[in-house]
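In this text, all values refer to a predicted model and were calculated from it rather than measured experimentally.
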Amino acid sequence: EKIQDSERFTEEEIEKFVSALDEKIAEIEEAKEELEAATTGKEVAAASRKINASWKKIKIKVNNLSHRLDASKIGGMILKSKKLEARLENVVSKLEEQNVDTDEIQQLIDDFNEKVDEAKKKYKDAHDTLKTETKFSVDKAKGLIKESKDLLKEADEILREIIKEIKEKDGEDELEEAEEEEIEDEE
């Protein structure tokens, strides 16, 4: 349901996933019947292997999709951060027009941009890795997604520092103006 309700996947992707899931469930049901009808140890072992193999494939598919969902959320955060970069640059420009020393703020913005760019790279790597549905690729993507999240958290900490510095330089009005300009641009 979570996947079907998500706007982050196309109808085709959802249908493909549900179809693959139904197929694996049918395989497990079939193997379960074989297991119940088994009379020898070999038959039991064969049915058990079938169930385990199907279960592992389902688990990989579900994890892959789950990580793709996480990755798409990160993609949204990265887009917002990129918009914020432009807004911050605008604030710095306005402060510079008032002859305010913005070197510290600019350095923090550069650090912020660097973290966002690193997060974006990790996000893209995770996205590309998830195109392959293997346990290895899912585990690798999970690590890349975590790294991307961590980088965005670091960028958020830097952003808080930037806002603090801007306020200390009496730039609250410029922050508000930049926010209003962004809202107007969106409309």
Side-chain angles (χ1 to χ4, degrees), residues 1-87 111-162 186:
E1 284 181 37
K2 187 176 181 181
I3 291 164
Q4 289 176 326
D5 292 341
S6 174
E7 295 176 10
R8 299 182 190 275
F9 296 109
T10 65
E11 283 287 324
E12 183 180 321
E13 288 173 313
I14 292 170
E15 279 183 37
K16 186 178 175 184
F17 174 74
V18 171
S19 172
L21 199 57
D22 288 343
E23 182 183 312
K24 294 301 170 196
I25 290 171
E27 286 177 17
I28 290 173
E29 290 294 327
E30 182 182 314
K32 182 180 167 191
E33 289 174 13
E34 290 174 17
L35 185 61
E36 290 170 352
T39 56
T40 67
K42 282 185 178 183
E43 290 173 344
V44 168
S48 294
R49 280 193 298 276
K50 220 182 214 183
I51 290 171
N52 285 335
S54 292
W55 177 247
K56 284 179 184 176
K57 289 177 184 173
I58 286 174
K59 199 170 158 185
I60 289 170
K61 274 201 171 303
V62 169
N63 284 337
N64 179 294
L65 211 57
S66 172
H67 295 316
R68 284 179 55 202
L69 189 59
D70 276 353
S72 68
K73 290 176 187 174
I74 289 172
M77 287 188 262
I78 289 170
L79 282 174
K80 286 180 183 178
S81 296
K82 286 291 186 186
K83 285 182 179 179
L84 192 55
E85 284 178 31
R87 203 166 105 196
D111 293 345
F112 174 81
N113 293 345
E114 185 178 312
K115 294 292 180 189
V116 171
D117 288 343
E118 287 179 50
K120 184 177 180 180
K121 184 184 180 322
K122 299 283 183 187
Y123 160 77
K124 284 183 177 180
D125 290 347
H127 189 267
D128 291 344
T129 301
L130 285 170
K131 290 178 181 174
T132 308
E133 288 186 351
T134 64
K135 181 167 178 16
F136 175 77
S137 65
V138 170
D139 289 345
K140 182 178 177 185
K142 181 180 179 182
L144 290 166
I145 290 167
K146 184 184 180 330
E147 289 176 38
S148 185
K149 281 182 183 178
D150 291 345
L151 287 163
L152 287 173
K153 284 180 187 176
E154 290 175 32
D156 187 57
E157 289 172 21
I158 294 169
L159 177 61
R160 293 175 197 279
E161 195 65 31
I162 292 169
E186 288 176 359

Asker: Could you state the interatomic distance from NZ (K59) to NZ (K24), rounded to the nearest 0.5 Å?
Answerer: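 Going from NZ on K59 over to NZ on K24, the span is 15.5 Å.
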
Asker: Counting N and O atoms only, with roles assigned by atom type, does the side chain of S148 sit under 3.5 Å from a partner on the main chain of L144, one being a donor and the other an acceptor?
Answerer: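 The answer is no, because no donor-acceptor pair under 3.5 Å joins these two groups.
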
Asker: What are the two closest non-hydrogen atoms of F112 and A155, and how far apart are they?
Answerer: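 What the structure gives for the nearest pair is CD1-O, 3.2 Å.
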
Asker: So how far is it from E118 CD to L152 CG, rounded to the nearest 0.5 Å?
Answerer: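 These two atoms lie 10.5 Å from each other.
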
Asker: Which residue in the set K50, E29, E43 passes side chain to side chain contact (heavy atoms under 4.5 Å, CB included) when paired with E34?
Answerer: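 Output: one option passes, namely K50.
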
Asker: On a heavy-atom basis, which atom in T129 and which in D125 lie closest, and how many Å separate them?
Answerer: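 Closest approach of T129 to D125, heavy atoms only: OG1-O, 2.7 Å.
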
Asker: At what distance, to the nearest 0.5 angstrom, does CD1 of I78 lie from NZ of K122?
Answerer: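 Result: 12.0 Å between the selected atoms.
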
Asker: Answer yes or no: is there a side-chain heavy-atom contact under 4.5 Å between K82 and D117?
Answerer: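 Yes; the side chains approach each other to less than 4.5 Å.
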
Asker: Looking at every heavy atom in both I28 and W55, which two are closest together, and how far apart are they?
Answerer: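 What the structure gives for the nearest pair is CD1-N, 4.2 Å.
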
Asker: Any chance you could measure N113, atom CG, to K120, atom NZ, to the nearest 0.5 Å?
Answerer: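 Rounded to the nearest 0.5 Å, the CG-NZ separation comes out at 11.5 Å.
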
Asker: My understanding is that only one of V116, L159, D156 makes a side chain to side chain contact (heavy atoms under 4.5 Å, CB included) with S81; could you say which?
Answerer: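 Between S81 and the candidates, side chain to side chain contact (heavy atoms under 4.5 Å, CB included) is satisfied uniquely by V116.
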
Asker: Minimum heavy-atom separation for V138 to L130, with atom names?
Answerer: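 Scanning both residues, the minimum pair turns out to be CA-CD2, 4.4 Å.
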
Asker: Is the shortest side-chain heavy-atom distance between L84 and K80 below 4.5 Å?
Answerer: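 Of all side-chain heavy-atom pairs linking K80 with L84, none is under 4.5 Å.
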
Asker: Which atoms form the tightest heavy-atom contact between I74 and K149, and what is the distance?
Answerer: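 Scanning both residues completely, I find the closest heavy atoms to be CD1-CG, 3.5 Å.
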
Asker: I'd like to check E154 versus L151 (side-chain heavy atoms, cut-off strictly below 4.5 Å). Are they in contact?
Answerer: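 Yes - at least one pair of side-chain heavy atoms lies under 4.5 Å apart.
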
Asker: State the OG-CD distance between S54 and E23, to the nearest 0.5 angstrom.
Answerer: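 Going from the OG atom of S54 to the CD atom of E23 covers 8.5 Å.
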
Asker: Is any side-chain heavy atom of K146 closer than 4.5 Å to one of K142?
Answerer: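 No - every pair of side-chain heavy atoms lies 4.5 Å or more apart.
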
Asker: Roughly how far, to the nearest 0.5 Å, is the CZ atom of R160 from the CD atom of E157?
Answerer: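 One gets 8.0 Å once the value is rounded to the nearest 0.5 Å.
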
Asker: Is there a side-chain contact between I58 and L21 in this structure, where contact means two heavy atoms from C-beta onward sitting under 4.5 Å apart?
Answerer: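 Side-chain contact under 4.5 Å: yes.
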
